[in-house]
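One structure below.
In this text, all values refer to a predicted model and were calculated from it rather than measured experimentally. Excluded from the calculations below are hydrogen atoms, water molecules and symmetry mates; all remaining heavy atoms, backbone and side chain alike, are included.
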Amino acid sequence: NIITPTGLAWLGQFYAGSLLVYSVLVGYGILTVQLLDIDLKLRWTIKQGTIAAAFLAVFFFVSEGSALFFSNALGNALGLTAAALLIFLMAPLQRAAERVAARAMPGVKDTPEYASYRKLQVYAAALESAYQEGGVTARERAMLERVAESLGLHPADAERLEHDVRGRMSGEAPDGDV
């Protein structure tokens, strides 16, 4: 079979779309690892976007539907009234938006345990970067201490994590691992 120009164009668009989706997923993965709380911010954005979309949809459909059957002025007034009535349904709307956000990003919750876990992940990444060249210089040590302090890590936790990372980077099993 000979590939037609239409088929070739479709294949090119599919390839470009695939690259776009791949780029977005890779970018999200990098941001998740490098930026603290990006998951929480993204979940919050999904939740708030769902609420805003509901208000816009109700306003649009009611105002346009009313304008189609009645007049433009009455359509706009009914659209605003319907959107205002959504204020009374805010609690159920927020619960629905939370369900949408939970389905979109399962396992991401703003809990103290999650925040502590993410802080340890960030500090571990900083430690791994410092130990990539072998040892930790005095300048790197000062920066690591500032990072641990700015993350609010207890010195004992930071020391234990550093011991684990140092063992992992040198190929040894950390204490307690077999």
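The hydrophobic cluster containing Leu19 also includes Tyr15, under a criterion of side-chain heavy atoms closer than 4.5 Å among ILVMFWY residues, counted directly or through chains of members. Here Tyr117 is tied to no hydrophobic group at all, with no ILVMFWY side chain closer than 4.5 Å.
Annotation: salt bridge (charged side-chain N to carboxylate O under 4.0 Å, His left out) contacts involving residues 70-97, sequence neighbours excluded, are absent.
Taking CG from Leu151 and CD from Gln121, the interatomic distance works out to 11.5 Å, rounded to the nearest 0.5 Å. In this structure, CG in Leu42 is found 14.0 Å from NZ in Lys47, a value given to the nearest 0.5 Å. Rounding to the nearest 0.5 Å places CD1 of Ile46 at 12.5 Å from CD1 of Ile51.
Residues meeting the ring pair (Phe, Tyr, Trp, His ring centres under 6.0 Å) test with Phe69, sequence neighbours left out: none. Residues forming a side chain to side chain contact (heavy atoms under 4.5 Å, CB included) with Leu56 (at least two apart in sequence, or on another chain): none. Residues meeting the salt bridge (Lys or Arg N to Asp or Glu O under 4.0 Å) test with Arg99, sequence neighbours left out: none. In this structure Ile87 satisfies the side chain to side chain contact (heavy atoms under 4.5 Å, CB included) test together with Phe55, Met90, sequence neighbours excluded. Evaluation of the side chain to side chain donor-acceptor pair (under 3.5 Å) rule for Gln48 yields no partner, not counting sequence neighbours. Glu98 meets the side chain to side chain donor-acceptor pair (under 3.5 Å) test with Arg43; sequence neighbours excluded. Judged as a salt bridge (Lys or Arg N to Asp or Glu O under 4.0 Å), and not counting sequence neighbours, the contacts of Arg141 are Glu162. Taking Arg146 as the reference, nothing meets the side chain to side chain donor-acceptor pair (under 3.5 Å) condition, with sequence neighbours excluded.
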With a 3.5 Å cut-off and sequence neighbours excluded, list the donor-acceptor pairs that the side chains of residues 58-66 form with protein atoms.
residue : atom : partner : partner atom : Å
Ser63   : OG   : Phe59   : O            : 2.8
Ser63   : OG   : Phe60   : O            : 3.2
Ser66   : OG   : Val62   : O            : 2.8

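Under the 4.5 Å side-chain heavy-atom criterion for grouping Ile, Leu, Val, Met, Phe, Trp and Tyr, Leu80 is not connected to Leu93 through any hydrophobic cluster.
Within 6.0 Å of CD on Glu149 lie no more than 12 heavy atoms contributed by other residues, nucleotides or ligands.
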